[in-house]
Amino acid sequence: MKRILLFLTALLLLCGGCTAAPNGPPTFEAQKLGEISDKILTRQVVESSYLYYLGHHETLRQNITRYNELTATLTGNATNLAASLLLSLYDLQDGDTVFYGTAKDYPAFPPYMREQIVQIAHLSLYENSGELLRCDPLLSYLIASEGGSSYGLWVSSWHPLYRGVEESDRQLYEEYFALEKAILGQLEDLMAES
């Protein structure tokens, strides 16, 4: 009996009362925080069910809620801009139908064009979107095969921070990038605690 108590005491001292060994597998909470971090890094909306794992961290919860709002808004804005851009590059026509890049035209776009619109909109959520656009396998051929003296120039000025956009739009992107960095830092601190 003494040996068992001595063994359990030594085990408790070695573990230090932790839920996982220092180099052991992460706790369930830490895994969920890592999933939130992955969603932020890949510019996905964080589902509300993940907010449960933030516990009493109200500032982080508010930051993620605002991040979600901005992700939706900026994706929508960039989708509209990308549709207009690709319409001008492809000069798309369907018989007598002329496409204007409105939401009602979108289902009639060819599948390859819809994929490119989605990809451009998604990559617009990164600060280095110009580099990402040039290196994207779905878009690089489009950019490289663009004719005339405007070859790929739209990529350099694509990002709303560098384009002549409304000041309010520029502020949304600046807020978005600041939030992304703040959230990742807060999540890193929270994961270190767990």
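Computation of the quantities below employed the complete heavy-atom set of this structure, encompassing side-chain atoms and omitting hydrogens, waters and symmetry-equivalent molecules. This chain uses plain numbering: 1 for the first residue, then up along the sequence.
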Colleague: Using side-chain heavy atoms (C-beta onward) and a distance below 4.5 Å, is Leu41 in contact with Ser37?
Modeller: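 With C-beta onward as the side chain, the pair touches.
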Colleague: List the atom of Leu179, the atom of Tyr67, and the distance in Å for their closest heavy-atom pair.
Modeller: CD1-N, 3.8 Å
Colleague: Any side-chain heavy atom of Thr71 within less than 4.5 Å of one from Val46?
Modeller: no
Colleague: Does any part of the side chain of Glu175, heavy atoms only, come nearer than 4.5 Å to the side chain of Leu172, both counted from C-beta?
Modeller: yes
Colleague: Looking at Gly55, is its backbone amide N or carbonyl O close enough to the side chain of Arg61 to form a donor-acceptor pair, meaning the two atoms are under 3.5 Å apart?
Modeller: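 Here the side-chain-to-backbone pair exists.
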Colleague: Using every non-hydrogen atom in the two residues, find where Thr75 and Ala121 come nearest and quote the distance to one decimal.
Modeller: O-CB, 4.0 Å
Colleague: Regarding Lys32 and Glu29, does a basic nitrogen lie under 4.0 Å from an acidic carboxylate oxygen?
Modeller: no
Colleague: Relative to the ring of Phe28, is the ring of Tyr53 parallel (under 30°), tilted (30 to 60°) or perpendicular (over 60°)?
Modeller: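 Aromatic pair Tyr53/Phe28 classed perpendicular.
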Colleague: Could you work out, with side-chain contact (heavy atoms from CB on, under 4.5 Å) as the rule, every residue matching Glu47, not counting sequence neighbours?
Modeller: Lys39, Ser49, Tyr50
Colleague: Parallel, tilted or perpendicular for His122 and Tyr126, by the 30°/60° rule?
Modeller: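 It falls in the perpendicular class, over 60°.
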Colleague: Quick one: do Val45 and Leu123 end up in the same hydrophobic cluster if we chain Ile, Leu, Val, Met, Phe, Trp and Tyr together by side-chain heavy atoms under 4.5 Å apart?
Modeller: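 Val45 does not cluster with Leu123.
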Colleague: Decide yes or no for Ile183 and Leu60: does some side-chain heavy atom of the first lie under 4.5 Å from some side-chain heavy atom of the second?
Modeller: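 Heavy-atom side-chain distance check passes, below 4.5 Å.
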Colleague: Would you say the side chain of Leu54 lies within less than 4.5 Å of the side chain of Leu187, judging by non-hydrogen atoms?
Modeller: yes
Colleague: Should the heavy atoms of other residues, nucleotides or ligands under 6.0 Å from CD of Gln44 be counted, would the total exceed 12?
Modeller: yes
Colleague: Hey, is the main chain of Asn80 close enough, under 3.5 Å, to the side chain of Ser84 for a donor-acceptor pair?
Modeller: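 Confirmed, Ser84 side chain pairs with Asn80 backbone.
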